[in-house]
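Have a look at the structure below before the remarks.
Scope of the values below: all heavy atoms of this structure, side chains included, with no hydrogens, waters or symmetry mates.
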Amino acid sequence: MTVTDSAFLKACRREPVPHTPVWFMRQAGRSLPEYRKVREGIAMLDSCMRPDLVTEITLQPVRRHGVDAAILFSDIVVPLKAIGVDLDIKPGVGPVVARPIRSRADLDQLRPLEPDDVRYVAEAIGLLTAELGDTPLIGFAGAPFTLASYLVEGGPSRNHEHTKALMYGDPELWAELLDRLAGIAGAFLGAQIDAGVSAVQLFDSWVGALAPADYRASVLPASAKVFEAVAGRGVPRIHFGVGTGELLGLLGEAGADVVGVDWRVPLAEAARRVGPDKALQGNLDPAVLFAPPEVVAAQADRVLDSAAGLPGHVFNLGHGVLPTTDPDALTRLVAHVHERTAR
């Protein structure tokens with residue numbers, strides 16, 4: 001079997017599969033003791049820039065859980081750091097930006113991304129594809145709105161007040177900011193595809209904070225530019241956001257082949273909102289994994305039942321693996337989905 005024939009890529013293309021493929025957002029990371037061991041004393045961004053470490057961390061959940069795809073260990077702010085934006089990932093906080101973007105002069109921080117800026121990512125992908133064999137590797141980038149939110153707020157935000165004030169108050173500056181970020185995200189995904197990833201995912205973690213009309217007017221053009229940059233490259237393009245039930249149709253419209261769905265909308269209803277010609281990914285609530293095993297299995301079956309009849313379904317959580325999740329719960333969940341859906 002080749003990577004192209006893998007259950008994951010077949011599901012993304014809406015082709016018949018031997019079983020429903022499973023992978024988890026944040027599967028490589030904090031929930032695994034072996035991850036904590038290799039990361040000991042190494043800052044997050046530093047670990048993203050070491051190909052040997054990226055390779056080991058990316059492979060850990062594939063070895064442990066038997067998932068159907070690996071996702072590159074990285075962070076959505078890596079390309080911003082690579083072009084010289086002064087930021088750091090503070091433990092327990094997240095990305096913190098030294099000079100938030102609030103004016104046109106602040107845009108000078110954002111130059112175009114060149115492949116050489118992220119050569120350590122390409123090197124890690126080369127090492128990984130050699131190790132993974134017929135298991136696909138997913139690359140990813142942060143979407144323009146979410147990157148803009150970090151840059152404008154200066155860090156994580158609950159209400160995105162500075163971001164929305166800029167979006168509403170200076171639409172021209174906002175459009176230029178998002179356009180630059182779209183160029184950076186598109187170039188970052190392109191570099192990963194050149195290096196050998198089999199699929200790419202655009203994470204718009206914070207876009208659920210917007211109403212559909214604002215998304216369409218102020219965000220959709222930039223996200224569409226990212227997907228357009230990697231159109232025709234022969235890799236499925238996945239689009240995911242949290243709290244995006246009202247935006248699902250628009251997320252697909254931006255150019256995705258696969259739309260990720262959080263846990264708030266049943267997959268059958270998500271399919272109606274997204275419309276035909278798209279596969280779906282999701283959507284077990286990550287918190288369910290803290291319940292007893294029989295409850296996790298029953299909740300997984302609800303997801304699978306809701307997806308029954310859909311031409312393409314990739315099983316995933318509705319957001320990332322929570323840090324204190326028992327790894328064995330994930331391993332059992334993969335086995336359960338594989339057994340339950342074996343054709």
Side-chain angles (χ1 to χ4, degrees), residues 1-28 51-52 54-74 115 118-141 186 188-203 227 229-240 255-260 277-282 304 307 310-316 330-331 333-343:
M1 191 181 85
T2 64
V3 173
T4 312
D5 296 323
S6 64
F8 168 71
L9 290 177
K10 281 178 175 250
C12 290
R13 298 192 299 261
R14 297 180 300 123
E15 295 171 2
V17 289
H19 59 261
T20 298
V22 190
W23 73 278
F24 305 116
M25 290 176 279
R26 294 204 190 119
Q27 64 186 14
D52 58 331
V54 170
T55 302
E56 168 59 22
I57 293 169
T58 302
L59 290 171
Q60 285 175 349
V62 180
R63 292 189 203 116
R64 184 188 267 260
H65 304 314
V67 285
D68 293 278
I71 183 163
L72 183 72
F73 175 73
S74 188
V118 287
R119 60 187 177 278
Y120 47 84
V121 173
E123 190 181 327
I125 291 167
L127 294 170
L128 277 162
T129 50
E131 289 275 341
L132 283 165
D134 54 16
T135 300
L137 176 63
I138 303 166
F140 72 92
F188 190 45
L189 292 181
Q192 292 174 68
I193 293 168
D194 289 341
V197 299
S198 299
V200 290
Q201 176 157 313
L202 194 64
F203 280 90
F227 284 120
V230 293
R233 298 295 307 272
V235 302
R237 298 163 298 169
I238 310 167
H239 202 179
F240 173 74
D257 305 298
V258 184
V259 176
D277 307 325
K278 310 279 182 196
L280 295 183
Q281 179 175 280
L304 294 168
L310 297 181
H313 175 224
V314 176
F315 190 97
N316 207 313
L330 291 165
T331 308
L333 178 56
V334 174
H336 176 78
V337 173
H338 285 169
E339 287 164 19
R340 165 82 201 276
T341 61
R343 320 269 199 267

From CA spacing to verdict: side chain to side chain contact (heavy atoms under 4.5 Å, CB included), Asp5, Asp134: CA-CA 8 Å; Asp5 296 323; Asp134 54 16; over 6 Å; no

Pair Arg64-Leu59, side chain to side chain contact (heavy atoms under 4.5 Å, CB included): steps then yes or no: CA-CA 9 Å; Arg64 184 188 267 260; Leu59 290 171; over 6 Å; no

Check against side chain to side chain contact (heavy atoms under 4.5 Å, CB included), Val337 and Val334: CA-CA 5 Å; Val337 173; Val334 174; over 6 Å; no

Pair Glu131-Arg63, salt bridge (charged side-chain N to carboxylate O under 4.0 Å, His left out): steps then yes or no: CA-CA 11 Å; Glu131 289 275 341; Arg63 292 189 203 116; 5.9 Å; no

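With a 4.5 Å cut-off on side-chain heavy atoms, Phe24 and Ile71 do not count as touching. A heavy-atom distance below 4.5 Å is found between the side chains of Met25 and Asn316. Proximity of Lys278 to Asp257: side-chain heavy atoms (C-beta onward) are nowhere separated by under 4.5 Å. Counting only heavy atoms from C-beta outward, the side chains of Leu280 and Leu310 approach each other to under 4.5 Å. At least one side-chain heavy atom of Met1 sits less than 4.5 Å from a side-chain heavy atom of Ser6. Contact of the Ile238 side chain with the Leu202 side chain is not registered, since no non-hydrogen atoms from C-beta on lie closer than 4.5 Å. Using a 4.5 Å heavy-atom threshold, the side chains of Val230 and Val235 count as separate.
Not a single donor-acceptor pair under 3.5 Å links the side chain of His338 to the backbone N or O of Val67. A side-chain donor-acceptor contact under 3.5 Å links Asp68 to the backbone of Val22. Looking at Gln27, its side chain never comes within 3.5 Å of a backbone N or O of Trp23 through a donor-acceptor pair. For the pair Thr58 (side chain) and Phe73 (backbone), a donor-acceptor distance under 3.5 Å is present.
Heavy-atom minimum distance, Ser198 versus Pro236: O-CD, 3.2 Å. Counting all heavy atoms, side chain and backbone alike, Ala191 lies closest to Val118 at CB-CG2, 4.3 Å. Smallest separation of non-hydrogen atoms from Phe8 and Ala199: CE2-CB, 3.8 Å. The shortest non-hydrogen separation linking Val314 to Cys12 is CG2-SG, 4.2 Å. In plain terms, the two heavy atoms of Val17 and Ala11 that are nearest each other are CG1-N, 3.6 Å. Counting all heavy atoms, side chain and backbone alike, Pro21 lies closest to His313 at CD-O, 3.6 Å.
In Arg119, the CZ atom is not crowded: 12 or fewer heavy atoms of neighbouring residues, nucleotides or ligands sit closer than 6.0 Å.
Atom CZ of residue Phe140 and atom CG of residue Leu72 lie 6.0 Å apart, to the nearest 0.5 angstrom. In this structure, CZ on Phe188 lies 4.5 Å from OG on Ser74, to the nearest 0.5 angstrom.
When only modelled atom types and interatomic distance are considered, His19 and Thr341 share no side-chain donor-acceptor pair under 3.5 Å.
Across Thr55, Ile125, Leu127, Leu137, a single residue satisfies side-chain contact (heavy atoms from CB on, under 4.5 Å) together with Leu132, and that is Leu137. Of the candidates His239, Gln281, Arg237, Gln281 is the only one forming a side-chain hydrogen bond (donor to acceptor under 3.5 Å, both in side chains) with Gln201.
Between Asp194 and Arg233 a salt bridge is recorded (basic side-chain N to carboxylate O distance below 4.0 Å).
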